[in-house]
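All values below were derived from every heavy atom in this structure, side-chain atoms included, with hydrogens, water molecules and symmetry-related copies excluded.
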Amino acid sequence: MQDKDSHKPEYQRSAELQSQMEKIGGRFLDRVLAEFDAMESALAVLGTGDAAALSALEMFAHRIHGSSAIFGFSALSEAAGALEALLASGQVQGSPVNAIPDIALGLAAVRAAAQAAHAGTASR
């Protein structure tokens with residue numbers, strides 16, 4: 001049985017908008033996954049005390065945290081938010097080299113959440 005509202009212009013616009021958002025969300029996830037090599041390189045450089053590497057990781061986590069929430073990828077947003085909080089913490093700001101193992105775990109959690117979200121969009 002077909003929904004009696006499916007022929008209304010409002011319904012069709014809503015369905016088109018949702019379809020567009022899903023496509024944009026898929027491209028967002030593709031980009032996030034493509035950036036992980038650079039983020040892992042930044043993590044390796046962080047071991048030398050390079051402040052720019054910490055800044056790159058912070059910007060990555062911040063962007064993923066907010067953008068993934070907009071697209072409805074809540075697990076990814078939560079993982080990126082946790083990484084963002086860690087990177088902004090006094091522990092990392094005071095001694096980033098000592099925090100590398102924790103940052104690596106946070107980055108791995110973000111990658112796993114991005115991969116899971118990507119797999120979920122591929123199955124739609």
Side-chain angles (χ1 to χ4, degrees):
M1 179 176 218
Q2 190 171 7
D3 185 351
K4 65 181 180 177
D5 291 332
S6 66
H7 295 293
K8 291 184 177 179
E10 301 86 25
Y11 180 86
Q12 291 173 347
R13 280 192 299 269
S14 177
E16 289 171 8
L17 180 59
Q18 180 161 348
S19 176
Q20 289 174 349
M21 287 297 290
E22 287 175 2
K23 287 177 187 175
I24 295 168
R27 288 194 304 260
F28 163 75
L29 291 172
D30 289 340
R31 191 177 67 239
V32 167
L33 290 169
E35 292 176 341
F36 271 99
D37 287 342
M39 292 305 101
E40 288 172 347
S41 293
L43 184 60
V45 171
L46 186 61
T48 68
D50 186 337
L54 181 58
S55 178
L57 288 163
E58 288 176 320
M59 288 180 11
F60 175 76
H62 178 76
R63 183 175 49 82
I64 303 310
H65 181 203
S67 296
S68 58
I70 290 169
F71 290 113
F73 304 126
S74 58
L76 177 55
S77 180
E78 289 173 18
L83 177 59
E84 182 181 17
L86 172 65
L87 291 165
S89 73
Q91 171 195 359
V92 173
Q93 296 294 321
S95 181
V97 173
N98 292 335
I100 287 175
D102 292 333
I103 297 169
L105 287 174
L107 198 55
V110 172
R111 181 191 292 263
Q115 289 170 330
H118 192 266
T121 61
S123 65
R124 289 183 192 176

Query - Least distance between heavy atoms, S77 atom then H65 atom - result: OG-O, 2.8 Å

Query - Side-chain donor or acceptor of S41 paired with backbone N/O of D37 under 3.5 Å - result: yes

Query raised in the report: Shortest non-hydrogen contact from P96 to I103?
Result: O-CD1, 4.4 Å

Query raised in the report: Is there a side-chain contact between V97 and L46 (heavy atoms, below 4.5 Å)?
Result: no

Query raised in the report: Any side-chain heavy-atom pair from S68 and F28 closer than 4.5 angstrom?
Result: yes

Query raised in the report: Is any side-chain heavy atom of E22 closer than 4.5 Å to a side-chain heavy atom of T121?
Result: no

Query raised in the report: Which heavy atom in A113 sits nearest to a heavy atom in A79, and how many Å separate them?
Result: CB-CB, 4.2 Å

Query raised in the report: Are any of the side-chain heavy atoms of R111 and M39 separated by less than 4.5 Å?
Result: no

Query - Distance, nearest 0.5 Å, that separates CZ of R31 from CZ of R27 - result: 9.5 Å

Report task. Check whether any side-chain heavy atom of L29 lies under 4.5 Å from a side-chain heavy atom of L76, and answer yes or no. Result -> yes

Report task. Identify the heavy atoms of V32 and A114 that sit nearest to each other, and give their distance. Result -> CG1-CB, 4.1 Å

Query raised in the report: From D102 CG over to L107 CG, what is the distance, rounded to the nearest 0.5 angstrom?
Result: 12.5 Å

**Report entry** Any side-chain heavy-atom pair of R63 and M59 under 4.5 Å
**Finding:** no

Query raised in the report: When you measure from the side chain of S89 to the backbone N and O of L86, does any donor-acceptor pair fall under 3.5 Å?
Result: yes

Report task. Tell me whether L33 is reachable from L83 by hopping between hydrophobic residues (I, L, V, M, F, W, Y) whose side-chain heavy atoms are closer than 4.5 Å. Result -> yes

Query raised in the report: Using 30° and 60° as the class limits, which term best fits the ring planes of F36 and F60: parallel, tilted or perpendicular?
Result: perpendicular

Report task. Side-chain contact test, heavy atoms from C-beta onward, threshold under 4.5 Å: evaluate it for I64 versus E84 and give yes or no. Result -> no

